Amino acid sequence: MRKTRKITALLLAVLMLTAALGGCTGGKSAETASPSASAAVSAAPVQGGELTVGIAQDLDDSIDPHKMVSAGTREVLFNVFEGLLKPDTAGEMQPAVASDCKINDTGDVFTFTLRDGVKFHNGNPVTTKDVIYSLKRAAGLDTGTPLINGFDEVKSVEAPDDKTVVVTLKKPDIEFKAMFTAAIIPDGNDPTKETIGTGPFKFASRSPQQNVVLEKFDGYWGTPAHVDKVTYKIIDNAETLVMSLKSGSVNLVAHLTSAQVKELGSDFTVVDGTMNLVQALYLNNKVAPFDNVKVRQALCYAIDRQNIMDMLSNGKGAAVGSSMYPNFKKYYRADLADVYKPDVEKAKSLLAEAGYPNGFTMDVTVPSNYQPHVDTAAVIAEQFKKIGVTVNIKNVDWGTWLSEVYSGRNYQSTVIGVDAASLTARAMLERFVSTSTSNFTNFSDPEYDKLYAEAAAATDEAKQVELYKQLEEILTKDAANVYIQDMCDYVAMGQGVQGYEFYPLYVMDMSKVYFTNKTAA
Amino acid sequence: MKKLKNSHRAPNYNLIWGCVITSIMVLMIVVSFFWTPFNPDAMSYAEKDLAPGGAHLLGTDNFGRDIFSRVMEGAGTTLSIAFCAVAIGASFGTVIGGLTGYFGGAWDEFIMRINDAVTAFPSILLALVIVTITGSGRTNIIFILGILFIPSFARVVRGEFAKQRQMDYVKNAKLMGVKPGRIMFVHILPNIAPVLLSAVAIGFNNAVLAEASMSYLGVGVSQTEAVSLGRMLLDSQAYWMTSPWQALSAGCAISILILGFALISEGLGTRPMWRPTTKRRRKQHA
């Protein structure tokens, strides 16, 4: 009798321990909300409601639309700030604060007509003064340091009358049109102190590491948002993110993995696209052994992209071979994805030629809040074992990643996704110019620099596209990085939430999301 | 004579079961040095997320790795870290505790206050703080845990030594002119063995838990260094709902490891296995 009781107690203890350790962060299991909501899939939008969105990382320390570092910041601020132009879901530039955009024949003068009735979130109408201030600030015309990469091309910003703004470039650059998505802010405004834009949502509040709150802006010039309020909750633990979705405390989460989607079950609306970024094992080209092109090429031959995609997302995603993602069709070169086919023998012989016949040990720094990158690193580590390269994975938090890897360039290699800040080829390719401030891989090739300068100056669009494609090829041939894929992007929405649309940019447009039933709202 | 006395009592179930469980685990770990059913690191897309049963006794994880093989190797990693940490803690703790307990005085007070200061912090918390300075990794964890375990051993040993030094056999030995070192480690130490062994068993428990917790929090053994049970728990988190066997396997392995040691320490502690003896008395009855 005593024995049975003891054994039962032991068993219970074992189970409790397992549960306690296993459930540390994922504690509560989800009580899914009313099933009636799932019936209303194709229901019409209901205006109003408060939407809660789960995001994996906090915004940049200070909110400055001209100085956004992380893609996570951009995808939130897309709803708050607008430029003279704004991309649509097809990637075309649509007029926003400006109602019209003309480029002269030589490709160096842009003339904008301001749209009537565009208001800032503080209620003031947008004037040419504000536009001039914003563009000058972005270009650093008064300070000498451009805030947005590439904006130093602007020579002058002038307003011949109170409805027209003329921007003159130092040299012809037709592609610069896409740069006019740069946020328009009020004259004299310091966005790090006061966040004022013209977008469909206005910035309400922010608690670091907790949340960012946006409210619907009633004076918006365009199609107004459906929901009244969007709260971005910062949940940096992947498991908690899923649990929050299941418990209903979060309505929408983007950038989920296939495993997370599987866990959600059928009560959610899940849409998939690609993330419009280039995930790669980015190498610090200045640090041995990655300063040797043969080593880099060996690593390219050693990875099996399809295997990574299989493991991570059951084969979804698109393999890439250079710093350009497939949705950017104009510049994308599909052939580059096949330059390095998995070939262990070739990789080994390249390593031997480079003087590492027995391989080496390398560090891969990954941001631990992005499970797909962490998992990719684990698969890569296993694949590199075959060529004798031992991988040591270093998990760091996002803040450390930004300061150590991105800004500090103090790392060996990292798995991360790099996206385009604007819809230009330059947004992807400029960072590999040896003098670029965002060249965190320390890639340096005189030929690349020369071609890039040529491409940027081209006035003929066809020729320019051709040059950019050549640049992509250099990155592939030089094996600047071990390119992997444009990752599959799942967006899951809770009951009664609809309307999410994908852009060829890394943004989340909240103005199109709506609730389908009053109760959920 | 001993046998006769013990026969009146029920067998020491705690000790027996503790030893059985621990030996099974240790046997499994020793086997894993030479053989595991599958390569614990080998990934396979075709065998992703398989449920337990069939070729894979405990199923496979999200990378198609055999969980049983990983548990075998992970238990080895965890136990070897625990072993080294306890070895450091116990040996230094015994020497420090023995010296202060035997000699007493100002040094005793001083060292024990340092001890108090270190014990005042939860050891895991302190370990986490140190890890942020030294960096993680197997060797670092061993040293950090080892050093953090010294106070608890020193405290136990000191108390015992302070008690034993009042006893007649120690006084006699002193009168006979035996050197302090010999008295401490040849005369006294064997007499406090049961207490010390019990402390070692508890220390093992703490070390296993500490290592698992640290790896679970991502600051322990790095995922590419070796398989560790704590790390397996961390990795399995995302799959807790869809393939719970991942988390359960790792969690149960930790629990069973701890259970074995807990039972042993219980068995040693509740019933005196040895009675205080002097060398002479033991010889007489031998």
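Everything quoted here is computed from the prediction, not taken from an experiment. So that the names make sense, note that chain A is the first sequence line, chain B the second, and so on, each numbered from 1.
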Inset, instruction - Classify the side-chain pair B:Ser215/B:Glu211 by whether it contains a donor and acceptor separated by less than 3.5 Å. - result: yes
Legend entry - Heavy-atom contact with chain B under 4.5 Å, split by part of A:Asn395: side chain
Inset, instruction - Quick one: pull up CE in A:Met309 and SG in A:Cys488 and give me the separation to the nearest 0.5 Å. - result: 10.5 Å
Inset, instruction - Determine whether the side chains of B:Glu73 and B:Thr36 contain a donor N or O and an acceptor N or O closer than 3.5 Å. - result: no
Legend entry - Largest heavy-atom contact set with chain B, pairs under 4.5 Å, which of A:Asp375, A:Val364, A:Val374, A:Thr390: A:Asp375
Legend entry - Check: B:Thr132 side chain, B:Val129 main-chain N or O, donor-acceptor pair, under 3.5 Å: yes
Legend entry - chain B interface, residue from A:Gly315, A:Ser368, A:Ala378 that has the most non-hydrogen pairs under 4.5 Å: A:Ala378
Inset, instruction - Could you tell me which portion of B:Asp49 (side chain, backbone, both or neither) has an atom closer than 4.5 angstrom to a non-hydrogen atom of chain A? - result: side chain
Legend entry - Engaged part of B:Ser44 at the chain A interface, taking heavy atoms whose separation is under 4.5 Å: backbone
Legend entry - B:Arg231 and B:Asp235 ion-paired at < 4.0 Å: yes
Inset, instruction - Name the region of A:Lys385, side chain, backbone, both or neither, that has any atom closer than 4.5 Å to a heavy atom of chain B. - result: side chain
Legend entry - Contact origin within A:Glu263 toward chain B - heavy atom pairs under 4.5 Å: both
Inset, instruction - Answer yes if the side chains of A:Asn284 and A:Gln412 hold a donor-acceptor pair under 3.5 Å, and no otherwise. - result: no
